[in-house]
Student: 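The structure under discussion is supplied below as structure tokens; questions concerning it will follow.
Naming: A, B, ... by sequence-line order, numbering from 1 per chain.
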There are 2 protein chains.
Amino acid sequence: MQLSVKKLVDEFQHACRENDMRITPQRIEIFKELAVAVDHPTAEVLHKRLVVKMPTLSLDTVYRTLGTFSEMGFIDKVETTESQAHFEVSHMPHHHLICEKCKKIIDFVWQQVDEADLPDETRLLGRFEKKNVVVYGVCKNCL
Amino acid sequence: MQLSVKKLVDEFQHACRENDMRITPQRIEIFKELAVAVDHPTAEVLHKRLVVKMPTLSLDTVYRTLGTFSEMGFIDKVETTESQAHFEVSHMPHHHLICEKCKKIIDFVWQQVDEADLPDETRLLGRFEKKNVVVYGVCKNCL
DNA sequence: TTAAATGCAAACAATTTGCAAAACC
DNA sequence: GGTTTTGCAAATTGTTTGCATTTAA
């Protein structure tokens, strides 16, 4: 786990250099915190976790940084019906279970869907590729 | 088309009575407007369309009403990564294509996924049922 | 040294809420 | 008539922006 985060951070720094993006302590910490997060935190939640270690970090830097990371494709916004955005570090294709009670977002993989072709009719509508499944229900803690 | 909207409105009124919800002109108009909408309007867009016919309708009534309808299960929020919520009248299971350029949301049906079982591992995580697929890409107008 | 990133404060956007008046049943 | 819903205004919440200062390269 430790190792894989280190690897992710290395990749991240490398990608920063490639994109002429400066590597700042704030960016590293924000990326790391999101990389180790098992939930799918909001900007505010991330900020709360980070100020403990980095007291001067401002919430707007978190927002700005998440926006930048997202544009770079290094993190993803999770699709929900909430107004607050949730984020995660991009990794292998996966999907989300959302508990309707506690709003927890849980990752799962579903190769069957990843490998399936979209219905033919959708070809006429444009070029669509990135499939994300959101499944609503109740998590085991809330059952 | 006309007929099916009328039918939906009838069902809606019936459901209002069943749920001890008062049938007000605002509620009927909001429901009707959403029922005929081919896009997936936000509260503000709906309000703009409605004030033409109902000049006294306030935006907060639209928000409140959409919230109530949503709780009743008569309409759904569409899952997106945007901050603004998009709505649609609930009908047969379907999924969404989202154009990354113009943000248009397009419905499509995908029985293969509707009928597929979730991966076994998800059973341990809770009880999840309502599958919604969101596919990102570029619509034909933006290609 | 110089352009980009940060922090602060203020602006903005989306949504919610308290309350008195109006409307439904 | 009693209770819910509305419209208004104001408050909240989530997010973005302008600008002077700091910092990475």
Student: Name the closest nucleotide to the A:Q26 side chain, picking from D:dG7, C:dT15, C:dG7.
Tutor: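 The listed nucleotide nearest to A:Q26's side chain is C:dG7.
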Student: For a quick test of reading the model: is some side-chain N or O of A:T61 closer than 4.0 Å to OP1 or OP2 of C:dG7?
Tutor: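 Affirmative; the distance criterion is met.
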Student: Could you pick out which residue, B:A43 or A:L57, lies toward the 5' side of DNA chain C when each is mapped onto its nearest nucleotide?
Tutor: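 Result of the comparison: A:L57.
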Student: Looking at the side chain of A:R64, which of C:dC25, D:dG7, D:dT17 is the nearest nucleotide?
Tutor: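 Closest of the options to the side chain of A:R64: D:dT17.
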Student: Considering only side-chain heavy atoms of B:R22, which listed nucleotide, D:dT5, D:dT6, D:dT16, is closest?
Tutor: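 That would be D:dT5.
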Student: Just how far, in rounded Å, is C1' of D:dT5 from CG of B:N19?
Tutor: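 For the pair B:N19 CG and D:dT5 C1', the rounded distance is 16 Å.
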Student: Tell me the interatomic distance from B:H47, atom NE2, to C:dA13, atom P, rounded to whole angstroms.
Tutor: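 For the pair B:H47 NE2 and C:dA13 P, the rounded distance is 17 Å.
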Student: Is B:M21 linked to B:F31 within one hydrophobic cluster, defined over Ile, Leu, Val, Met, Phe, Trp and Tyr using a side-chain heavy-atom separation of less than 4.5 Å?
Tutor: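 Yes.
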Student: A:S58 side chain: which of C:dA5, C:dG7, C:dA14 is closest?
Tutor: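 Looking only at side-chain atoms, A:S58 lies closest to C:dG7.
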Student: Using atom NZ of B:K48 as one end and atom C1' of C:dA13 as the other, report the distance to the nearest whole Å.
Tutor: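 So the NZ-C1' distance, B:K48 to C:dA13, works out to 12 Å.
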Student: Could you tell me whether B:D39 and B:R49 make a salt bridge, using a distance below 4.0 angstrom between a side-chain N and a carboxylate O?
Tutor: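 Yes, charged N to carboxylate O under 4.0 Å.
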Student: Distance check needed: D:dT13 P versus B:Q84 CD, whole Å only.
Tutor: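 My rounded result for the distance is 20 Å.
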Student: Is the shortest side-chain N to carboxylate O distance from B:D120 to B:R123 below 4.0 Å?
Tutor: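 Yes, charged N to carboxylate O under 4.0 Å.
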Student: Specify the residue among B:A85 and B:P25 whose closest nucleotide of DNA chain C lies further upstream toward the 5′ end.
Tutor: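 Between the two, 5'-proximity favours B:A85.
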Student: Whole angstrom is fine here: how far is it from CG in B:D60 over to P in D:dT5?
Tutor: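 Distance, rounded to whole Å: 15 Å.
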Student: Please pick, from D:dT15, C:dA5, D:dT17, the nucleotide with the shortest atom-to-atom distance to any side-chain atom of A:M21.
Tutor: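 Of the candidates, C:dA5 comes closest.
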Student: What integer distance in Å separates A:M72:CE from C:dA5:P?
Tutor: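 Atom CE in A:M72 sits about 11 Å away from atom P in C:dA5.
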Student: Any chance the side chains of A:H95 and A:N132 put a donor and an acceptor closer than 3.5 Å?
Tutor: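 Result is no, nothing qualifies.
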Student: Just compare D:dT15, C:dG7, D:dA9 and give me whichever is closest to any side-chain atom of A:Y63.
Tutor: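 The closest nucleotide is D:dT15.
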Student: What do you reckon, are the aromatic ring centroids of A:F69 and A:F12 less than 6.0 Å apart?
Tutor: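 When the ring centroids of A:F69 and A:F12 are compared, they turn out to be within the sub-6.0 Å range.
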Student: A:T24 side chain: which of D:dT6, D:dT15, C:dT6 is closest?
Tutor: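 Nucleotide nearest to A:T24's side chain: C:dT6.
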Student: Give the rounded distance in Å between these two atoms: CG of A:L59 and P of C:dA5.
Tutor: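 Distance check: A:L59 CG to C:dA5 P gives 19 Å.
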Student: What's the CG-C1' distance between B:L66 and C:dA14, to the nearest Å?
Tutor: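 Computing the B:L66:CG to C:dA14:C1' distance gives 13 Å.
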Student: Starting the side chain at C-beta, find the nucleotide from D:dT17, C:dA14, D:dT6 nearest to B:E44.
Tutor: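 So the nucleotide nearest the side chain must be C:dA14.
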Student: Under 4.0 Å, counting only non-hydrogen atoms across every strand here, what does B:T56 touch: a base, just sugar-phosphate, or nothing?
Tutor: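 Since only primed, P, OP1 and OP2 atoms lie under 4.0 Å of B:T56, the category is sugar-phosphate.
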